[in-house]
**Student:** 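One structure coming up, written as structure tokens, with questions to follow.
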Amino acid sequence: MRSAIIAIRDRLDRAGIILSGLCVIHCLLGVLLVGVLGLGGEALLSPAIHRVGLALALTVGLVSLSFGMRRHGRVGPLVIGGLGLSLMAAALAAGHGLPEAVLTVMGVSLVAFAHIRNLRAAC
């Protein structure tokens, strides 16, 4: 039973890393396609995509980082992840443009780093 819980937590951390990477790709690709080529603005800049992404990041991040803290006793990954999630929320509030992109990339980078630290601390 315990090994199944650890496997689920590890999968959630890996999912968090993948989601963070996809978010950066979406952000950078959106800037390129919309800003440079003028394509896909309606779909790529939809607030719904950003709200869903933030909801997924919050769910996966808080669950896996909290479980990790319980397992290894280190609060660092949870704090780093919380800071990253806060930056992502601030990006959503900032609206479209360079501030949103910068906050998002910084936020998802911290979240991915927190998931990596969480995986390594559990070993």
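As the structure is a computational prediction, the values presented were derived from the model and not from experiment.
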**Student:** Report the distance from atom OG of Ser64 to atom CG of Asn118, rounding to the nearest 0.5 Å.
**Tutor:** 6.0 Å

**Student:** Can you list the other members of the hydrophobic cluster that holds Leu22, where links are side-chain heavy atoms under 4.5 angstrom apart?
**Tutor:** Ile18

**Student:** What pair of heavy atoms forms the shortest contact from Thr104 to Ala91, and how long is it?
**Tutor:** OG1-CB, 3.2 Å

**Student:** Quick check on the hydrophobic clustering: are Met69 and Ile17 connected, directly or via other members, by side-chain heavy-atom contacts under 4.5 Å?
**Tutor:** no

**Student:** In Å and rounded to the nearest 0.5 Å, what is the CE to CG distance from Met88 to Leu58?
**Tutor:** 7.0 Å

**Student:** Determine, using the 4.5 Å side-chain heavy-atom cutoff (strictly less than), whether Val79 and Val63 are members of one ILVMFWY cluster.
**Tutor:** no

**Student:** Is there a path of hydrophobic side-chain contacts, each under 4.5 Å between heavy atoms of I, L, V, M, F, W or Y residues, that connects Leu110 with Val102?
**Tutor:** yes

**Student:** For the hydrophobic clusters of this structure (ILVMFWY residues joined by side-chain heavy atoms under 4.5 Å, transitively), does one cluster hold both Val24 and Leu85?
**Tutor:** yes

**Student:** If every non-hydrogen atom of Val108 is compared with every non-hydrogen atom of Cys23, which pair is closest and at what distance?
**Tutor:** CG1-SG, 3.5 Å

**Student:** Are Ile80 and Leu87 connected into the same hydrophobic cluster when the rule is that any two of I, L, V, M, F, W, Y join if their side-chain heavy atoms are below 4.5 Å apart?
**Tutor:** yes

**Student:** Quick one: pull up CG in Leu83 and CE in Met106 and give me the separation to the nearest 0.5 Å.
**Tutor:** 8.0 Å

**Student:** Give, for atom CG of Asp13 and atom CD1 of Ile116, the distance between the pair rounded to the nearest 0.5 Å.
**Tutor:** 9.5 Å

**Student:** Find the distance between CG (Leu12) and OG1 (Thr59) and round it off to the nearest 0.5 Å.
**Tutor:** 10.0 Å

**Student:** Of the non-hydrogen atoms in Ala114 and Gly81, which two are nearest, and what is the gap between them?
**Tutor:** CB-N, 3.4 Å

**Student:** How many angstroms lie between OG in Ser86 and CG in Leu103, if you round to the nearest 0.5 Å?
**Tutor:** 11.0 Å

**Student:** In a check of side chain to side chain contact (heavy atoms under 4.5 Å, CB included) between Pro77 and each of Leu65, Leu119, Val111, which one passes?
**Tutor:** Leu65

